[in-house]
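I have placed the structure first, in the form of structure tokens, so that the comments after it can refer back to it.
Chain letters run A, B, ... following the sequence lines, proteins first, then strands; residues in each count from 1. As a basis for the values below, the full set of heavy atoms in this structure was taken, side chains included, without hydrogen atoms, waters or symmetry mates.
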Amino acid sequence: VSPLLLRAIVAGDGAGDAEARAVDEARGGLIWVAAGRVGAWASELAERTEPGRAELLEHHRLVEAVCAVAACLPVQLGTWASSEEETRRLLLAREEALVGALARVGRRVEVAASCLWREPARGVAPPPSGTHSYPVPLPEGEGTRQGRLGQVEREGTQYLRERRAAIEAREAREARARALAEAIERASGATGADARHRLCPSEAVALSSALLVGRDEAEAVVGRLRELAGQLADVELVVNGPWPPYSFAGIS
Amino acid sequence: LDKERVSLSAELPDFTLLELADRLLHRGVVLVGEATISVAGVDLIYLGLNVVLTAVENLRKPPPGPA
């Protein structure tokens with residue numbers, strides 16, 4: 001019995017002829033495992049190729065093939081079960097939650113919108129709190145030493161100013177990221193639970209958004225977001241998708 | 001500023017890969033918790049980091065100069 005690498009979960013009655021044909025055309029060898037009102041498309045792990053980008057993109061391609069023909073919940077890459085029986089047990093243990101998630105997501109797709117800062121952050125990163133010593137620069141070539149009282153006060157004031165400037169700069173960026181998130185919601189029409197945002201997830205990225213939109217609307221949404229991109233001076237708005245609803249497939 | 005803009009624009013396909021890798025590896029239905037991190041002895045956390053770090057490295061790499 002080969003272990004199975006799980007790809008996507010669909011409704012149990014979703015493994016109809018059209019779906020099976022579409023998945024077969026994407027790549028033969030996928031296995032259907034039914035479990036009550038849901039089921040999973042999976043690959044035999046023995047067929048797995050070398051890990052890397054190719055495997056990642058292959059998973060994406062297979063999930064896309066399934067989602068193109070049925071309401072689908074992508075499975076996190078790397079999720080596997082030792083057999084069909086174990087797959088069935090895993091699904092049945094979460095049947096209600098999976099049925100609920102499938103109904104919530106439906107045939108909708110995910111559009112990704114990310115904003116990259118055009119300019120690096122200004123100000124200095126605040127030193128970790130609890131730092132009590134302030135290195136004082138000496139003439140060139142002599143390195144630094146801990147300052148005496150007067151120098152420590154001067155350096156301490158400088159430190160506080162820099163720290164305040166850094167905090168203000170960070171807060172300004174977060175406020176800007178929130179405004180961008182609102183603009184993206186207005187342009188896409190995805191709001192509430194259908195829009196998920198991560199503000200300033202890294203130094204280079206202002207905003208990473210996932211938007212759940214109707215399959216038929218996706219092209220228009222992408223177009224409106226690209227129009228918005230042309231109006232933004234301080235960030236570069238990168239629009240990707242439509243993709244399977246990766247960010248909306250979680251179950252509690 | 002211009003250099004930064006050119007650098008980011010030139011590497012957008014890698015940023016797209018980064019976004020996709022984040023979704024494939026960290027989102028979607030989780031059925032078996034921590035057991036998902038390793039498949040047949042291959043540590044997928046390592047795979048994920050490798051993909052993501054490569055993408056980040058490319059994102060920061062300056063664009064190639066004229067031939």
Return the CG to CZ distance between A:Leu77 and B:Arg27, rounded to the nearest 0.5 Å. 14.0 Å
To the nearest 0.5 Å, atom CG of A:Asn240 lies from atom OG1 of B:Thr16 at 3.5 Å
Considering only heavy atoms, give the residues of residues 101-114 of chain A separated from chain B by less than 4.5 Å, sorted numerically, with 'none' for an empty result. A:Glu110, A:Ala112, A:Ser114
Using only atom types and a distance under 3.5 Å, with no angle test, would you say the side chain of A:Gln76 pairs donor to acceptor with the backbone of B:Val29? no
Can you name the closest pair of heavy atoms from A:Ala249 and B:Gly28 and give their distance? CB-CA, 4.0 Å
What option among A:Pro244, A:Ser247, A:Pro74, A:Gly250 has the most heavy-atom pairs under 4.5 Å with chain B? A:Ser247
Evaluate side chain to side chain contact (heavy atoms under 4.5 Å, CB included) for A:Val75 paired with B:Val30, printing each intermediate quantity in order. CA-CA 7 Å; A:Val75 178; B:Val30 178; over 6 Å; no
A:Trp243 and B:Glu19: side chain to side chain contact (heavy atoms under 4.5 Å, CB included), yes or no, with the steps? CA-CA 11 Å; A:Trp243 286 336; B:Glu19 289 263 284; 4.0 Å; yes
Interchain contact, A:Ala210 with chain B, by part (heavy-atom threshold 4.5 Å): both
More than 12 foreign heavy atoms under 6.0 Å from CD of A:Glu219: is that the case here? no
Relative to chain B, which segment of A:Ser208 carries a heavy atom at a distance below 4.5 Å: side chain, backbone, both, or neither? side chain
How long is the span from the CG atom in B:Leu20 to the NE2 atom in A:His59, to the nearest 0.5 Å? 9.5 Å
To the nearest 0.5 Å, tell me how far B:Arg23 CZ sits from A:Tyr246 OH. 10.0 Å
